[in-house]
Amino acid sequence: MSNSKKLMLTALAVIFLIGATPLFAELDGIWEGYGEGSCETPAGIIIYPWQTWNGSLESWLFTGHWQDLDGSSGGFQGAVISLAKSVEPPYHTVAHCEGTWTWMDPSGLEPLEMGPFNMEFNLDIDTCWGNWYSYSSPGIGGTMWGWRIGD
């Protein structure tokens with residue numbers, strides 16, 4: 001490839017990134033919500049992951065904490081892996097996030113990774129929804145939803 005073509009491709013990539021920067025900035029914020037579902041931990045305890053949760057979406061990373069009414073708790077971390085614009089009205093920009101969630105075993109000091117999750121963030125109406133799954137209870141999982149509460 002000639003130097004002029006390389007330079008043109010580099011310039012186009014820079015233009016794309018500059019144009020996309022405001023869209024990625026819209027991702028950042030503080031989110032909270034609720035969830036449904038239960039699973040059994042390796043210790044035999046029934047937990048209700050994501051029953052209430054709050055998190056921060058910053059620089060494409062989604063991190064936070066969940067807890068249930070029985071006192072179980074854990075965390076989560078994930079990354080936005082794609083952005084898409086809906087093709088039918090009403091048009092919305094949606095960010096897709098994938099990650100893992102943990103449970104804090106009362107007998108241990110370190111959180112135990114319990115399974116994967118995915119979350120869709122609607123950037124136009126500041127809502128989100130997703131699903132979580134459990135390694136220790138295959139085929140078992142739940143749903144979660146929420147909204148942006150701040151920047």
Side-chain angles (χ1 to χ4, degrees), residues 12-151:
L12 286 172
V14 168
I15 290 168
F16 171 76
L17 287 175
I18 290 170
T21 298
L23 182 59
F24 296 129
E26 290 179 25
L27 287 172
D28 292 353
I30 301 167
W31 298 73
E32 71 176 9
Y34 298 98
E36 293 180 337
S38 65
C39 67
E40 187 173 347
T41 69
I45 300 169
I46 301 296
I47 61 173
Y48 302 88
W50 299 81
Q51 198 168 47
T52 63
W53 61 268
N54 59 64
S56 175
L57 186 54
E58 189 173 334
S59 301
W60 298 27
L61 299 176
F62 182 48
T63 58
H65 181 80
W66 66 266
Q67 60 188 19
D68 68 19
L69 295 175
D70 293 335
S72 295
S73 65
F76 53 86
Q77 61 182 23
V80 172
I81 61 169
S82 67
L83 289 169
K85 190 99 169 156
S86 60
V87 294
E88 295 183 11
Y91 299 105
H92 295 291
T93 302
V94 176
H96 178 75
C97 174
E98 293 183 358
T100 57
W101 63 277
T102 62
W103 166 65
M104 183 57 91
D105 183 342
S107 65
L109 300 175
E110 295 293 319
L112 178 64
E113 185 175 310
M114 291 292 293
F117 77 89
N118 60 68
M119 186 79 85
E120 306 289 332
F121 294 91
N122 185 317
L123 304 181
D124 298 313
I125 57 174
D126 291 338
T127 60
C128 60
W129 62 94
N131 298 290
W132 61 265
Y133 306 93
S134 170
Y135 297 142
S136 60
S137 301
I140 304 283
T143 59
M144 63 277 208
W145 60 93
W147 49 91
R148 184 194 315 247
I149 60 169
D151 294 327

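Given the structure is predicted, the values throughout are model-derived calculations rather than measurements.
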Review point. Looking only at atom types and distance, does a side-chain atom of Asp28 sit under 3.5 Å from a main-chain N or O of Ser59, one as donor and one as acceptor?
Key: yes
Revision key, fill the gap. Taken to the nearest 0.5 Å, the spacing of Ser137 OG from Ile47 CD1 works out to 8.5 Å
**Study point:** Gap between atom OG1 of Thr52 and atom CH2 of Trp66 - 0.5 Å precision
**Key:** 9.0 Å
Check your understanding: Considering residues, nucleotides and ligands other than Tyr34, do more than 12 of their heavy atoms fall under 6.0 Å from its OH?
Key -> no
Check your understanding: Below 6.0 angstrom between ring centroids: does that apply to Trp31 and Phe121?
Key -> yes
**Study point:** For Ser136 against Thr41, the heavy-atom pair lying closest together
**Key:** OG-CA, 3.9 Å
Point to revise | Under 3.5 Å donor-acceptor, Thr127 side chain and Asn122 backbone | key: no
Check your understanding: Passes side chain to side chain contact (heavy atoms under 4.5 Å, CB included), Cys39 versus Tyr133? Steps please.
Key -> CA-CA 9 Å; Cys39 67; Tyr133 306 93; over 6 Å; no
Practice item. Would you check if the side chain of Asp124 reaches a backbone N or O of Thr93 as a donor-acceptor pair within less than 3.5 Å? Key: yes
Check your understanding: Under 4.5 Å between any side-chain heavy atoms of Asp68 and Trp103, yes or no?
Key -> no
Practice item. Using atom types as modelled and distance alone, determine if a side-chain donor or acceptor of Asp70 lies under 3.5 Å from a backbone N or O of Ser72. Key: no
Check your understanding: Is there a donor-acceptor pair closer than 3.5 Å between any side-chain N or O of His65 and the backbone N or O of Gly74?
Key -> yes
Practice item. State whether the side chain of Arg148 and the backbone N or O of Ile125 hold a donor-acceptor pair below 3.5 Å, judged by distance alone. Key: no
**Study point:** Gap separating the CD atom of Glu32 from the CH2 atom of Trp53, nearest 0.5 angstrom
**Key:** 8.0 Å
**Study point:** Heavy-atom pair of closest approach, residues Leu27 and Leu57
**Key:** O-CD2, 3.3 Å
Check your understanding: Less than 4.5 Å apart, any side-chain heavy atom of Gln77 and any of Leu61?
Key -> no
Point to revise | Donor-acceptor contact present, side-chain Glu98 to main-chain Ile81, <3.5 Å | key: no
Check your understanding: Checking Ser134 side chain against Gly115 main chain: does a donor-acceptor pair fall under 3.5 Å?
Key -> no
Point to revise | Exercise: identify the closest heavy-atom pair between Gly35 and Trp145 | key: CA-CZ3, 3.9 Å
Review point. Relative to the ring of Trp50, is the ring of Phe76 parallel (under 30°), tilted (30 to 60°) or perpendicular (over 60°)?
Key: parallel
Review point. Rounded to the nearest 0.5 Å, how far does OG1 of Thr102 lie from CD of Glu110?
Key: 10.0 Å
**Study point:** Aromatic plane relationship, Trp101 with Trp132 - under 30° parallel, 30 to 60° tilted, over 60° perpendicular
**Key:** perpendicular
Point to revise | Non-hydrogen side-chain atoms of Tyr135 and Pro42 separated by less than 4.5 Å | key: no
Exercise for review: Answer whether the closest heavy-atom distance between the side chains of Pro49 and Met114 falls below 4.5 Å.
Suggested key: no
Review point. Could you state the interatomic distance from CD (Gln67) to CE (Met104), rounded to the nearest 0.5 Å?
Key: 13.0 Å
Check your understanding: Counting N and O atoms only, with roles assigned by atom type, does the side chain of Ser56 sit under 3.5 Å from a partner on the main chain of Thr63, one being a donor and the other an acceptor?
Key -> no
Revision key, fill the gap. To the nearest 0.5 Å, atom CG of Asn131 lies from atom CD of Glu36 at 11.5 Å
